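Only one structure is covered here, and it is reproduced in the block below.
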Amino acid sequence: MDQAQGSAREPVIVGFLCAWCAYLAADAAGMARAGHTPSMRPIRVMCSGRVEPEFVLRALRDGADGVLIAGCHPGACHYVDGNLKALRRFALLQRLLDQFGVERERVQLVWVGAAEAAAFAAAVDRMAAQLRALGPLRWDERVLGGEGAGLDAGNAAVPEDASA
Amino acid sequence: MSARKPRLAMYWAASCGGCEVSLLNIGEKLAALGDAVELVFCPCLADFKLADVQALPDGAIDLCLFNGAVRNSENRQMAYLLRRKSALLVAYGSCAHEGCAPGLANLTTAAAIRETVYRGGPSTDNPAAVVPAEISQVPEGTLELPVLYDTVLTLDQVENVDYYLPGCPPESPRVAEAIGGLVAALAGGAPLPPRGSVLGALETIVCEECPRKRLSRRVERFHRVHEVAPDPKACLLEQGLVCLGVATRGGCGALCPRVAMGCRGCYGAPPGVEDQGGRMVAAIAALTAAGDPEAGGARLREQVDAAMATVVDPAGTFYGYSLAHSLLRRARVTRKAGGEEGRG
């Protein structure tokens, strides 16, 4: 809750990386010491199509400033069209998140080939820069008020005298 | 236990009264229920005062059916009071369970709602800009109104809940089973269902009860209900009509899809689903055929986005009954230049 600490904190990105392309690219970026921002927490999934919208909502709710979903290029999915499923989910999820006041930069979908380490590093860096500019999300504290109480600090306070 | 009848209370917080009707609607079983219990508090049906409840010892109410969301400070205080006075507290109906329609207020703020209702509405005629105040001074003294919250809460977000009875309103045959069962257990000393149970509903989704046929068809776009005349036998979702049956707990008998209205989701998320809206995004996406992978990058995204744009108001549609209990619970309010959080 420290303001100074809050503004200086690097954005937290939860990265859902497909095991066949994006994760290999991230691995290669690390091996090559491509030097992308360390603020992404990679989670390997078998396919970008495996990423449930609930995973993204849960990440945003529990402290992520942004969520990156990375899969194989269209036409190159190991499971034929899992990445296309991911795109359809993503397109609708973004429309839903618009209504929740979540900026579009906070949830991104990128296509990355297994050999595209530099492109992957650049995508993470670009997103981190966008999130730095937007500032922290911290849904639980800033939107729900810590206890899930909402904007009103007093919402969840125990009533002064409800029983005689 | 056998010395006296179980004491029953029913209270409405932010609700419409439909829950009380659903209890009255259990038919001739109501007479038996009335005989089996002592009604100690139900402002909708009989003349009880707050002082009557306050005068009861803690835990004196055996079974309290609490319907309605927690929308203002009065609702909050009543939830607090009834939790303390009740041995068993039931979140009765969708509002108490997951927020229901009142919970959609979480897409905006109390100030914005007040502005729309008292000043900005197209048919509003309020030249003196009279807006209800929480505290008003009148010749007779000081009048107080409850504080309207920005964020609608569900009962279990403010107090421990023993049982849930979903539905908007709960279907009366299910009410008769569930409440009749609890009252019989209380009267006879029989074991109660495990605390936290969802009563009067199934462990499966609405589709399991729906007679419509799924043909594994995929759709290019979605339609609003007035735009198409649906096939009477086929799955509504596969005809491009948004139906929440796949993301909704069964128990209602699929009443809405049977009459060509897509399920609105009032029984809430089924077991294993944390967020009804998130599950609907996945379901809609799985059903959509739009997007030609050959089209490549930007064009492909445009095609998919255009198809998804045909789902009008996804937040209001997918969370029509569960927004207050969803993962995000409420919309984020845009921050103004000063860094202060604006309220609409």
Side-chain angles (χ1 to χ4, degrees), chain A residues 3 49 51-62 73-77 80-81 83-103 109 111 134-135 137 139-140 142-145 147-152 154-164, chain B residues 51 54-55 58 70 73 76-78 80-81 84-85 106-107 109-110 147 149-153 157-158 273-275 277-282 284-286 288 290-291 293-297 300-301 304-305 307-309 311 313-316 318 326-335 341 343:
Chain A
Q3 284 300 316
V51 180
E52 300 278 342
E54 285 170 288
F55 297 177
V56 178
L57 297 169
R58 171 54 81 186
L60 295 175
R61 160 71 187 270
D62 284 355
H73 285 283
C77 176
V80 184
D81 61 356
N83 52 0
L84 195 52
K85 288 198 174 86
L87 174 60
R88 292 178 185 131
R89 285 179 173 181
F90 169 78
L92 187 53
L93 183 62
Q94 277 218 319
R95 291 182 167 274
L96 185 77
L97 290 173
D98 288 346
Q99 292 180 277
F100 279 92
V102 176
E103 299 92 345
L109 174 69
W111 310 131
L134 287 175
L137 185 65
W139 197 271
D140 210 36
R142 293 163 64 106
V143 182
L144 301 182
E147 300 296 315
L151 296 171
D152 329 72
N155 251 13
V158 175
E160 284 166 24
D161 183 28
S163 55
Chain B
Q54 288 170 330
D58 282 2
V70 176
S73 55
R76 178 71 188 88
Q77 295 207 353
M78 287 306 295
Y80 175 90
L81 176 66
R84 269 139 201 84
K85 301 297 181 187
N106 289 0
L107 290 172
T109 62
V147 178
Y149 291 164
D150 275 311
T151 301
V152 174
L153 302 165
Q157 286 166 1
V158 298
V273 173
E274 192 169 24
D275 190 281
R279 181 51 60 98
M280 271 316 292
V281 170
I284 294 275
T288 308
E294 304 298 316
L300 173 62
R301 288 200 183 221
V304 171
D305 199 49
M308 292 312 175
V311 181
D313 184 17
F318 300 164
S326 65
L327 277 169
L328 296 184
R329 287 196 195 178
R330 66 157 295 114
R332 184 163 168 255
V333 175
T334 47
R335 278 191 298 142
E341 288 207 298
R343 295 202 168 196

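These numbers were taken from a predicted model, which means no experiment stands behind them. Just so it is clear: chains get the letters A, B, ... in the order the sequence lines come, proteins before strands, and each one is counted from 1.
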Rounded distance (nearest 0.5 Å) linking atom CD1 of I284(B) with atom CG of L93(A) = 13.0 Å
Provide the closest heavy-atom pair for L96(A) versus P314(B) in the form atom of the first, atom of the second, distance.
-> CD1-C, 3.6 Å
Could you look at L84(A) and say if it's the side chain, the backbone, both or neither that has a heavy atom under 4.5 Å from chain B?
-> side chain
Measure V70(B) against the heavy atoms of chain A and call it side chain, backbone, both or neither at under 4.5 Å.
-> neither
Region of A290(B) that comes under 4.5 Å of a non-hydrogen atom in chain A | backbone
Got a second to check how far R88(A)'s CZ is from L300(B)'s CG, nearest 0.5 Å?
-> 8.5 Å
Can you check whether V143(A)'s main-chain N or O pairs, donor with acceptor, with R332(B)'s side chain at less than 3.5 Å?
-> no
Could you look at A286(B) and say if it's the side chain, the backbone, both or neither that has a heavy atom under 4.5 Å from chain A?
-> neither
Side chain, backbone, both or neither of L97(A) within contact of chain B (heavy atoms, under 4.5 Å) = side chain
Where do R329(B) and R61(A) land on the side chain to side chain contact (heavy atoms under 4.5 Å, CB included) test, with the steps shown first?
-> CA-CA 9 Å; R329(B) 287 196 195 178; R61(A) 160 71 187 270; 3.8 Å; yes
If you tally heavy-atom pairs under 4.5 Å between each of A307(B), S326(B), A295(B), A285(B) and chain A, the highest tally belongs to A285(B)
Which atom pair, heavy atoms only, marks the closest approach of R330(B) to F100(A)?
-> O-CD2, 3.4 Å
Do you know the tightest heavy-atom contact between L327(B) and E54(A)?
-> CD1-O, 3.7 Å
Sole candidate of V281(B), D305(B), D313(B) that passes side chain to side chain contact (heavy atoms under 4.5 Å, CB included) when paired with R95(A) = D305(B)
Nearest atoms (heavy-atom pairs only) where G278(B) meets L57(A) = CA-CD1, 4.0 Å
Contacting region of V311(B) [heavy-atom separation from chain A under 4.5 Å] = side chain
Minimum-distance pair of heavy atoms, taken over all atoms of G316(B) and Q99(A) | N-NE2, 4.3 Å
Okay, F90(A) and chain B: the region with an atom under 4.5 Å from a heavy atom over there is side chain
Between V304(B), N106(B), L328(B), the one whose heavy-atom pairs under 4.5 Å with chain A are most numerous | L328(B)
